[in-house]
Amino acid sequence: MFNMYDFLNNVVIPAIVYSNIYALASIGLTMTYITTKIPSFAHGDLAAVGAYATFYFLYFLFGGIKPGSVYLAMPIAALAGAAVAYLSYIGVFKPMIRRGASVTVLMIASFGLHFLIFGILAILDSIAQTVYGWSTRNYSFSTGEVQIPGLTQSEVTAITSSVVLLLILAALYYLLNRTKFGVVMRASIDNAPLARALGIDVERVYAISWLIIGAVTGIAGIYMGMIFPVTEELGWLRLPLIFVAVIVGGLSSIYGGVIGGYIVGWSMVLGFNYILNPLNLPPEYQLAIPFAIVIATLLLAPQGIAGLIAARRRT
Amino acid sequence: MPLLKISELNAGYGKFHVLNGISLEVERGEIAVLLGPNGAGKSTLLNAIAGLATIYSGSIVVDGKDITRSSPSEIQKIGVGYVMQSPNNFGTPNIFPELTVRENLVAASVGVPQDAAEKALEEALGLFPKLKELQNRKAKFLSGGERQMLAISMGLMKRPKLLMLDEPTAGLAPKVASDVFSAIRSIRDMGITILLVEQNARKALEIGDRAFVMVTGRLRYSGPAKELDEEKLGRLIMGQ
Amino acid sequence: MIRDVLAKTVALVIALVVVGALAFASPLPKDVRVLLQNIEVYIAIYGIYVISLNLEVGYLGLPQFGKVMFLLIGAIAVGGIATKLVLLIYQNAIFKAMGAYPLAKISDYCMYYQYSVTSLVNQMLAQNPALGLGYFLFGVALAMVLSAGLGVLFAYPAIRLREDYLGILLLVSGEFLRVVTYYATPVACGVNGAVIPDPFAWALGETRTLVYFIATSAFLIATFLVFDAIGNSPFGRALRAIRDSETAAAVFGKDIVKFRIRVLAFASAFAGLAGALLAYYFDYTILGTYLPIYTFIGWTMLILGGLGNNVGAIVGVVVYYIVQTLLDIYKNSLQAVLHADPTYLAYAIFGLAIILVLMYRPQGIVPEKPVKTIDLNKVRERIQRKIK
Amino acid sequence: MLEIKGIVKQFGAFRALDGVDMTIERGKVTLLIGPNGSGKTTLINVVTGVYKPEAGRVYFHDDGKTLDITGWPPHKVFAQGIVRTFQIPQIFQKLTVMENLLAVARGQAGEGVLNAMREGRWAKQEEELAERAFEILDLVGLGDVWDRYAYSLSAGQMKLLELARALMAGAKLIILDEPIAGIPIAQAHAIFQTIRDVNAKGVTFWVVEHRIDIAFKYVDYVYAMASGRVISQGAPDAVAKDPKVIESYIGG
C-alpha cells in the first residue's frame, strides 16, 4: 500500500536534501571547469573550508551551535570559501595556466592543493580540540538549523536548502545576464582571445569567478555538515559524486550541473528505496547507482545533459 | 604628427618570426589600406599594434605615445580599436557567438564610463539599423554580413582614434561587401582614422587614401593609394 | 639487454642488498632495524606500483586517476579468491577441528571464526611450504590477470575521449568497484575485513619479514628491469611520441587506442601485483580502505621523483618514505608543538611539495632522459667515417 | 604520379572545390598557390583522406600500377607513401631530433609490448633505421643537432625536422603545407634549397606556399587556384605573368 507519509519522509525529503547539496557543490565545479578548464580535485575541500569556518565562527561567538545560528555564519562560510578559492587561482592555477600547463598537470596541481588544504584543516581541527576544547570533530550542523514548530529537522533542511539553492541560482542568473560584469564574464568564457583583444582582463574575470565558486561551495559545506559528520574529509568524500553530477550535467552549463546534482540525489534515494531495499542489498550500494549513471553517460552521451539540450536546439 | 608611426618593427609569435623591419606612418583622418598576399604578415602587424604579438625590436607610437610594450587594454585606452579577422589566428570568431548583439556591444565597452558606453551603443546601433532590429538575438544566429557589422560596431565602442579592420568583407556577397565599404567610409567621416587589411584590393584602393603593400614580412610599397595601379600591385605581389 | 638498463638494474640490486644487510644483519639497534625492515618492504611494493604508474603517466601521458583500483583488485585476488581456494583445500581439516565448512556460510565465517580458521590454516601451511608458495604465486598471477582485464574494461568507455573525461572515469570506476566489493560480504568479508593465510607461515618473526623483503625486492627488480627495458625500446619511444603529439603520431600511423589499451593492461597487471604483495604482507585486507587517496600518494611519489624516469619513480617512493618515517620518529615531539597528528602535517607538506615541484621543477628530482635503444654515438661515428 | 580529376567538395551550400584537375609529375616540385579560401588546404585534405569528395577521383601512379585512392582513410593513404606536413609543426617536443625520426619509421618490430623486451628482435633493425635517419638528417642539414631536444630547435629547424620526418616515414610523395610560413628569409631559402636537394634524390614534392616570391625560384611547375578552381598553370614565370592570377589576388 502506498503510504504518502512514508513516501514523503523516506523519499522526497532526503532526495531533496541530497540533491540540493550536490547541486550546490556542482555549481562551483562547473564554473571552475568552464572558466579555467580544471576538473579540480580540491573542490570538495572548499566545502570543508566553509564548514570549518562556520564552526570556528559559532564557537568563537557562542561557544557552541544554537538553533538557527548556521545562517548567521553563512556569510562567513561564503567568505572563507571565496578566500581559499581565490588564493588557489591566483597562487597556483593562474601561473601554471600562463606557462601552458596541460589539463592533466592542472589536475595534479589541484590534488596537491587538496592535500594542502586537507592537511591544514585537520591540523586546525586538532588544535581547536586540544587547545581550545572545541569538540568540532564529527560534529553535525543539524542542531544549527532553524526550528519550525510542527516540522522535523530534515523537512526544515529540505526547505531551507531549496530556498538557498534558488536564491543562489537567481543571484547567479542576475549577475550573469543582467550586469555588465556578467556579460564580460560570459564573453571571456565564450571567446577568450577576442575578449583579450577587446581589452578585457580575462584573468581578473576568472579570479572573480573563483571568488564566486568558493562562496557558493562554502555554503554547500554548511548543508553537507547537516547530514554528514564534519571532518576535514567532508568535501573530499563527496567529490566523486560531485564529479558524477557535473559530468552528467555536461560540464558546460551551471544549470546542467544543478540538474546533474538532482539526478545524483534522486537516483541514490530512489535506488535505495525501490531497488536495494526490496532486493535486500546493502544500503551502501546506493553510491554505486550514480557511478553506473556516469559510466552510461560517457558511453552514450559524453556531452551530458547540456549537450543533449544543445543538440535538441540545433535540430 | 602622424597618428600611427611604426619604426623598424620586428615581430612574430614566440619563435615564429613574421615581420621584418616594418616602418610606416598613418596620418590622422585617412583610410590606409594594407595589401599583400596571404602569409605576408598583415594580420600579424595588426596584432602587434594591438599588443597581441611578440615584438622583438622596433617601436610603435600612437598619438605620440609609445605603445610598444603596452598591454592590449592599455593600447585600447590610448585609442586603438581592433576588429579581428574571423576566424582569427587563435581559431575563434570576431564576435561572441553565445551573447546577444547588445551584450556583444556591452562586452566591447569594458572600461568605458556608463553614460559614454550607452551613447556609443546607441550610435553603433544607429550606424547599422539592421543590428538595432536584431539586438536581442544571439550573435551565432546572425548572417555573415551582420556578424561583420557587429564586429565593426564592437570596435567602435571605445571611440577609438584608430580603428584597425582585418578583412571585414571576407566571404561576403558583393552587395553586402559594398555595404561594409560604405560603412567604413562613414566611420572615417566621423573623424576616425582607419587601417584596413583587405583581400579585395581593387575596392580597397577605391576608398583608401594611402596604401601599403606587404610581401613576406616586409613592406614593399608605401604611398598614396591613387599611385598604386593594379599592374604595379600585381608585380609587387608576384615578387618581380 | 641494453647495457644502460642492466647497469641501473645492477645498481638497484646492490642498493637493495646493502639496505637489506643494514636492516637484517647489522649491529644497529633492534627498533631501528625493525623500522628499516618494514620501510623496505613498503618501498619495494610501492616501487612496483609507481613504476607501473610511470609507464601510463610519464611515458604515455594517460591520466590514470584510478590507480588504487588495481591495489584493490590485488587485494580481492588474494583476500577474496586465493584465500578461499586454500580454505577449500583444507576444508575437511577445518571441519574436523571447528565443526563447520568455512565456505558453506560465508557471512558466519567472516563474522565469527575467520581468525581461528586462519590460524589453523597457517599451522598447516607451515608444514607445507610448497603449497604455501603455490598459493602465493597463484594469488600474484591472478591479481595480474584480473587487473589487466578489468583495467581495460573500466577504461574502455572513455578510452577515445579527452584526457579529463578519461581521468575522471578511471577515478569514478575505482570508487565504483570499491563500494561494490566492500559491501558484498562474500567477496572479501566486507566490513569485517578478510584475514589472509600466510603463504610463508613456516617463517616466524624476523625471518618472515626477511622472506617478504626478498620476495618483494625480487619483484621490484624484475619490474624495474621489464619496465626500463620496454621504456628504452621502440615501444617506449612510440609512447612518448604519442604523449607529445597525438595528432602527429596518428598521422604517422600509430594506433593510439591500441597503445592506450596495451599500456593500461600491462601497467595495471603490475599494479595488481603490488596490490597482491601488500595484501599478503599485511595478511589482512579491508576493501573499503582502498580510497582514491592511494592513487594520489602514488602520483605524489612519481611527481616528486620525476615523470618519465623509472629511477625517478623509485627515488620518489624512497623520498616519500623518508619524510614519512622522519615524521613518525618525531611524532611525539611534533605532536606537542603542533597539537595535531603529524600525519596531517605530512599531507600539507606533500601537497605543497607537489605544487612547488610542478611550478618550479616540473621534471622532478630525476629528470626524464632520452630513450636509449642502441648506441647512437657509435652509429654516428661510423657514418661520419664512411663519409670521409 | 598523382592525378586529380574533377574533384568537387561541398560544405553545405558552399562549394569549396569546384571540379579541380591537377597532375603532380613524378620527380618534380609542384607549387600550389591561391588566395585565402581558394581551396588549397581543402584539396590536400581530400587527397590525404581527411575529407571525402562529392565527385571526382584521385589516382596514385606508383610501381607501374595505378591506384584509385579516392576517399581512402588517412592511414591507408600514408601507407602508400604519401605523407603530408602541417602548417603548425606537430613535432614530438620532448623527444630528441633523432628520436623524432626513429619514432615514425614504418614496421618497427620493437613496437609491440612483448617484443620491446626482446632486444634481439629489433636491435638490428634499429641500427639500420638509425643509419638512415642520420643520412636524412645530414641531407636536410640537421646532422649537427641530432641529439638535441626538439623543443630547443628554432622555428626553421622545426620545419626541416618535419621534412626529415616525412622522409623517414618512407614518403614517395611529400605534401608540404606552408613549409616557410613564419621563417626568416635566409632560412626560408635554405628550406627550399633542401627541398630541391631531397627532390634530387627522387622524392616528389607538392608544396602549398603563400610566399611566392621565394617559392617561385625553386619549383618546376605551378598551379594557381581561386574560388575552388584551377585558374592557371605552367612554368613559374608564365604563371607569375598570367593576368588571371594577378586578378585573383587583387580582385578578391
Working to the nearest 0.5 angstrom, can you tell me the gap between [X] [atom1] and [Y] [atom2]?
| X | Y | atom1 | atom2 | answer |
| --- | --- | --- | --- | --- |
| A/Met107 | C/Ile168 | CE | CD1 | 4.5 Å |
| C/Ile293 | A/His114 | CD1 | NE2 | 4.0 Å |
| A/Thr104 | C/Asp164 | OG1 | CG | 8.0 Å |
| C/Leu169 | A/Phe291 | CG | CZ | 11.0 Å |
| A/Glu284 | C/Tyr182 | CD | OH | 8.0 Å |
| C/Ile303 | A/Ile108 | CD1 | CD1 | 4.0 Å |

Mark yes when over 12 heavy atoms from residues, nucleotides or ligands other than [X] sit less than 6.0 Å from its [atom1]; otherwise mark no.
| X | atom1 | answer |
| --- | --- | --- |
| A/Tyr56 | OH | yes |
| A/Tyr262 | OH | yes |
| C/Tyr321 | OH | yes |
| A/Phe60 | CZ | no |

If you take all heavy atoms of [X] and [Y], which pair is closest and at what distance?
| X | Y | value |
| --- | --- | --- |
| A/Tyr285 | C/Val179 | CE1-O, 3.7 Å |
| A/Ile295 | C/Ser173 | CD1-OG, 4.4 Å |
| A/Trp236 | C/Pro292 | CZ2-CB, 4.1 Å |
| A/Val92 | C/Ile355 | CG2-CG2, 3.9 Å |
| C/His339 | A/Ser126 | O-CB, 3.1 Å |

Checklist outcome for this item: Against chain C, residues from residues 23-31 of chain A with at least one heavy atom under 4.5 Å, in numeric order, are none

Side chain from CB out, backbone as N, CA, C, O: work out which of these in [X] comes under 4.5 Å of a heavy atom of chain C, or both, or neither.
| X | value |
| --- | --- |
| A/Glu232 | side chain |
| A/Val105 | both |
| A/Leu113 | both |

As an exercise: rank [options] by heavy-atom pairs under 4.5 Å with chain A and give me the winner.
| options | answer |
| --- | --- |
| C/Gly167, C/Pro362, C/Ala184 | C/Ala184 |
| C/Thr185, C/Leu352, C/Leu177 | C/Leu352 |
| C/Val180, C/Val357, C/Asp341, C/Leu345 | C/Val180 |

Which atoms of [X] come close to chain A, meaning under 4.5 Å heavy atom to heavy atom: side chain ones, backbone ones, both, or neither?
| X | value |
| --- | --- |
| C/Glu175 | both |
| C/Thr300 | both |
| C/Tyr156 | neither |
| C/Leu171 | side chain |

Checklist entry - Who among A/Pro282, A/Pro283, A/Ala122 has the most heavy-atom pairs with chain C under 4.5 Å? => result A/Ala122

Item to check | Most contacts with chain C, counted as non-hydrogen pairs under 4.5 angstrom, among A/Leu281, A/Ile120, A/Ile247, A/Val294 | outcome: A/Ile247

Next on the checklist: Counting the benzene-type ring for Trp, do A/Phe41 and C/Trp299 have ring centres under 6.0 Å apart?
Outcome noted: no

Next on the checklist: Aromatic contact between C/Phe350 and A/Phe115, with the criterion being ring centroids under 6.0 Å apart: yes or no?
Outcome noted: no

Checklist entry - Which of parallel (below 30°), tilted (30 to 60°) and perpendicular (above 60°) describes A/Phe111 and C/Phe296? => result tilted

Checklist entry - Just wondering, do C/Phe176 and A/Pro240 contact through their side chains at under 4.5 Å, heavy atoms? => result no

